[in-house]
**Q** 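Take a look at the following structure, please.
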Amino acid sequence: MKFEHPRIFCGFVGISLTLAAVLPMTSCVHVKVDPVRIDATVTIRVERELDDFFSAIDSGSKTIGAPTAPDHSESKGGL
Amino acid sequence: MMKPFRTFVFFATVMAAVICLGAAFPATASAQGAGVGQRMRERLPAVDALKMKGLIGENNEGYLSPRQSLSPADSSLLASENADRAIVYEAIAGKTGTDAASVGKARAEQIASRSAPGVWIQDASGRWYRK
């Protein structure tokens, strides 16, 4: 089997240039995002991360109960 | 003739190194987080006891605060717990693109809603009350 290395290289460069030209265009399609929605998404992610970390710890606590929302059962107290 | 291929190999090696580093950093953070979680679990009975005695409470920033004067050992325990909470909040802030103070406040709200009766809680306005 014979490889034509310059062709591979040229193909790679061609794909890279095409992606470099196309990706910025796709990233500019959606330019306006509602900040309230971002805040809500971040809040939900933070609460999920907190539950992921603390649910295993809180389950052994006598002063803090388990979350009432659907829990994330993979929690092991690690980040 | 070989030069383009060498360039390609070099580029591929750099990309592989970047991918490997990207995989290694979360693993390091995870190991650190597991250590914090273990310490918090070991500390939990003592922290619970102080909370049930009313000597410490949960403030509105996600940390423990003294409600009465504490012994040096209890003060040290509280400081250690708060230091580990700060590590967790910082790590979660990094993962979620927010800041540690916001994460702490979110945790304070969780604690306030889930705490057992008798535990000192500080509400958002700064007022302390016993649940």
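Lettering of chains follows the sequences in order, A, B, ..., and the numbering in each one begins at 1. If you're wondering where the values come from, they're calculated on a predicted model, not measured in any experiment.
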**Q** So how far is it from B:Ile92 CD1 to A:Arg45 CZ, rounded to the nearest 0.5 Å?
**A** 11.0 Å

**Q** Begin from the C-alpha positions of B:Val36 and A:Phe53 and carry the test side-chain contact (heavy atoms from CB on, under 4.5 Å) through to its verdict.
**A** CA-CA 10 Å; B:Val36 170; A:Phe53 183 84; 4.1 Å; yes

**Q** NZ of B:Lys131: more than 12 outside heavy atoms within 6.0 angstrom?
**A** yes

**Q** Looking at chain B, which one of A:Leu50, A:Ile64, A:Asp58 has the largest number of heavy-atom pairs inside 4.5 Å, strictly under?
**A** A:Leu50

**Q** Minimum heavy-atom separation for A:Val46 and B:Ala106, please, with both atom names.
**A** CG1-CB, 3.9 Å

**Q** Give, for atom CD of B:Glu109 and atom OG1 of A:Thr43, the distance between the pair rounded to the nearest 0.5 Å.
**A** 9.0 Å

**Q** Is there a path of hydrophobic side-chain contacts, each under 4.5 Å between heavy atoms of I/L/V/M/F/W/Y residues, joining B:Tyr63 to B:Val88?
**A** yes

**Q** How about B:Leu44 and A:Ser61: do any of their side-chain heavy atoms sit closer than 4.5 Å?
**A** yes

**Q** Where do B:Asp48 and A:Lys62 come nearest, in terms of heavy atoms and distance?
**A** OD2-N, 2.8 Å

**Q** Looking at side-chain heavy atoms only, is the closest gap between B:Gln110 and A:Asp51 below 4.5 Å?
**A** yes

**Q** Taking B:Val47 as the starting point, is it possible to reach B:Met40 by hopping between hydrophobic residues whose side chains are less than 4.5 Å apart?
**A** no

**Q** State, to 0.1 Å, how close A:Glu49 and B:Lys95 come at their nearest heavy-atom pair, and which atoms those are.
**A** OE1-NZ, 3.1 Å

**Q** Salt bridge (charged side-chain N to carboxylate O under 4.0 Å, His left out) with A:Asp39: which residues, sequence neighbours excluded?
**A** none

**Q** Tell me, side chain or backbone of B:Val103 under 4.5 Å from chain A's heavy atoms, or both, or neither?
**A** both

**Q** When hydrophobic residues are tied together by side-chain contacts of less than 4.5 Å, even through go-betweens, does B:Ile87 share a cluster with B:Leu77?
**A** no

**Q** I'd like to know if A:Val42 and B:Tyr89 are part of one continuous hydrophobic network [Ile/Leu/Val/Met/Phe/Trp/Tyr, side-chain heavy atoms within less than 4.5 Å].
**A** yes

**Q** How would you list, by chain and number, every residue that makes a salt bridge (charged side-chain N to carboxylate O under 4.0 Å, His left out) with B:Glu81, sequence neighbours excluded?
**A** B:Arg43, B:Arg85

